[in-house]
Amino acid sequence: MNGMIPIQVIVNGRARTIEVAAHHTLLEVLRDDLQLTGTKECCLVGECGACTVRLDGRIVDSCLVLAVEADGGEVTTVEGLAPDGGLTRLQGSFLDEGGVQCGFCIPGQVMAADDLLRRVPSPSVAEIQDGLAGNLCRCGCYGQITAAVLAAAKADQR
Amino acid sequence: MRAFAYTRPTSIAEAVALLDRHGPEARLLAGGTDLIIRLRDGSLVPEVVIDLKRIAELQPGIREIDRRLVISATTVMTDIAADPRVAMHFRALAEAAAVVGSVQIRNRATLGGNVCNASPAADTAPALLVHEAIAVTAGPAGSRRIPIDELFVRSGVTTLGRGELVTAIELPIPAGRVGSVHLRRTRRRGHDLASVTLACAIDTAGVTRLAYGSVGPRPVVAVDATGLLADRTATPEAKAELLERMFADASPSPRSMRASPEYRLAMLRVLGLRGLDIAIERLAAAEGGR
Ligand SMILES: Cc1cc2nc3c(=O)[nH]c(=O)nc-3n(C[C@H](O)[C@H](O)[C@H](O)COP(=O)(O)OP(=O)(O)OC[C@H]3O[C@@H](n4cnc5c(N)ncnc54)[C@H](O)[C@@H]3O)c2cc1C
């Protein structure tokens with residue numbers, strides 16, 4: 001029972017069958033086995049949000065999910081948001097508004113903001129603060145990140 | 001993280017059998033937001049992890065059965081916070097679920113996990129206490145219905161027996177109107193547990209239920225049936241004296257990194273009076289809206 005466990009997951013639209021160790025997290029498998037290093041490893045206690053991915057339609061901290069728990073599920077990482085090499089409008093807004101400084105937290109911020117805009121297309125500042133409360137930015141770009149989400153929401157309304 | 005065997009039972013009976021067979025060497029996995037942290041830091045090293053999420057009878061969901069709202073143990077905070085029946089009858093619980101961690105945490109954190117982890121700071125605990133919730137369990141000797149007040153012992157410890165797990169939390173839908181509220185103080189929203197939690201519920205008969213957490217080894221509930229706390233004409237001074245007695249079981253640890261005992265006790269009094277005011281307002285609004 002301690003061996004490798006075969007799982008099937010759809011990652012960024014592509015069906016994969018992989019073998020994972022029971023004690024490996026979704027974060028570890030995404031980064032180390034699937035080389036999807038856009039998802040960042042940071043606090044490992046669910047506080048910083050750098051490892052945020054979408055699992056079966058909801059964002060989660062992938063450091064707190066075992067890879068086996070994703071069996072049969074669908075995962076979207078930051079690499080899967082836009083078609084190859086492109087940017088979503090939201091990602092473009094992050095650049096335009098200067099929301100990116102060192103960049104480390106950004107994949108998680110973008111995943112959380114993308115999730116917010118799917119649920120709440122025209123969020124207020126308070127809704128943005130709540131939607132992104134699980135994502136820390138140590139450069140302190142919260143103002144610019146909020147502006148980026150507002151700008152993306154506005155652009156989508158047009 | 002130390003290696004463990006991962007099991008994925010498909011029935012409650014199978015989960016109970018596994019849990020009973022492995023005893024303290026086994027751990028149940030619901031959303032994992034408490035468990036995986038402890039597996040990683042090595043403070044728990046089970047041989048077997050039993051995932052509850054593939055059990056057909058334990059699928060997440062909220063159902064109304066015979067004037068009771070039955071919340072499956074695996075239901076996550078996001079869904080509890082969004083449920084209109086919870087908001088209508090058990091507003092303190094809806095508010096508590098809405099402030100647990102962040103969006104990412106609420107999408108995973110289950111009600112069963114919050115209760116069974118038995119943290120004194122668990123946000124849903126005071127709400128469940130004032131709403132008179134019942135934990136429905138399954139175990140080797142069958143099913144039990146445990147009033148939530150009899151479940152908590154101290155952090156990480158409940159009165160569940162070997163092989164026993166919580167299958168659902170039941171909330172009796174009150175016959176008359178109730179005004180309720182959940183309040184907390186925390187250092188940082190989205191990342192930290194509460195330094196003080198408080199829930200208050202007042203019914204049309206003037207009975208006030210107050211529950212508070214994070215100020216001692218387990219959350220505590222106290223009831224005022226005299227009608228004084230529910231009386232909007234009573235002075236804050238008169239209420240404060242009674243509140244003081246209801247808070248008698250508060251004994252915050254002097255070793256906590258979150259807040260000093262003095263801060264916690266001071267805030268408990270503030271939240272107590274504030275909670276009463278809000279619950280009275282809400283009860284009046286609900287009665288007016290009939
Ligand atoms: C960043 C962060 C922020 C947080 N913020 C808050 C907060 O604001 N408020 C708050 O209250 N909590 C908070 N938590 C704690 C945690 O998210 C909650 O306690 C959550 O509800 C636990 O549920 P879970 O499904 O993730 O439990 P798990 O981690 O899966 O399980 C917790 C414990 O309960 C046991 N268990 C689970 N389900 C059952 C069952 N059905 N029967 C018997 N035993 C069971 C498990 O074996 C384990 O010991 C936070 C956690 C993190 C990481």
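All chains are named by letter (A, B, ...) in the order of the sequence lines, taking the proteins before the strands, and each is independently numbered beginning at 1.
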### Message
Checking B:M1 against A:L44 for the side chain to side chain contact (heavy atoms under 4.5 Å, CB included) test, could you report, in this order, the C-alpha distance in whole Å, the side-chain angles of both residues, the deciding distance, and whether it holds?
### Response
CA-CA 11 Å; B:M1 213 185 293; A:L44 294 177; over 6 Å; no
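Residue contact with chain B, scored on non-hydrogen atoms closer than 4.5 Å, is absent for A:C43. For B:L35, no part sits under 4.5 Å from any heavy atom of chain A, backbone or side chain. For a residue to count as touching a neighbouring chain, one of its non-hydrogen atoms must lie under 4.5 Å from one of that chain's; by this rule A:E69 touches chain B with backbone and side chain alike. If you measure heavy-atom distances from A:L116 to chain B, you find no contacts under 4.5 Å at all. In this structure, the portions of A:D71 lying under 4.5 Å from any heavy atom of chain B include both its backbone and its side chain. Interface remark: B:R106 contributes side-chain atoms only to the contact with chain A (heavy atom separation under 4.5 Å). Only the side chain of A:R119 has a heavy atom closer than 4.5 Å to any heavy atom of chain B. Using a 4.5 Å cut-off between heavy atoms, A:L132 does not touch chain B at all.
Taking a 6.0 Å sphere around CZ of B:R274, one finds it holds 12 or fewer heavy atoms contributed by other residues, nucleotides or ligands. The local environment of CZ in B:R162 is crowded, with over 12 non-hydrogen atoms from other residues, nucleotides or ligands closer than 6.0 Å.
Each of A:G49, A:A112, A:C63 has some count of heavy-atom pairs under 4.5 Å with chain B, and the biggest count is that of A:C63. Ranking A:T25, A:L55, A:L136, A:N135 against chain B, the residue ahead of the rest is A:L136, based on heavy-atom pairs under 4.5 Å. Listed options B:V49, B:D51, B:L29, B:D41 were ranked by heavy-atom pairs under 4.5 angstrom with chain A; first place goes to B:L29.
Between B:S102 and A:G134, the shortest heavy-atom distance links the atoms CB-CA, 3.3 Å. The shortest heavy-atom contact between A:D130 and B:V103 is O-CG2, 3.9 Å. Residues A:A22 and B:Y6 come closest through the heavy atom pair CB-CB, 3.6 Å.
B:Q104 and A:D115 are not linked by any side-chain donor-acceptor pair at a separation below 3.5 angstrom, with hydrogens and angles left out of the test.
We find the CG-CD1 distance between A:L66 and B:I36 to be 4.0 Å, quoted to the nearest 0.5 Å. For the atom pair B:T33 OG1 and A:D61 CG, the distance stands at 9.5 Å (nearest 0.5 Å).
Of the charged side-chain nitrogens involved, at least one lies within less than 4.0 Å of a carboxylate oxygen, so that A:R58 and B:D79 count as a salt-bridged pair.
Without hydrogens or angle criteria, B:R108 side chain to A:I59 main chain gives no donor-acceptor distance under 3.5 Å.
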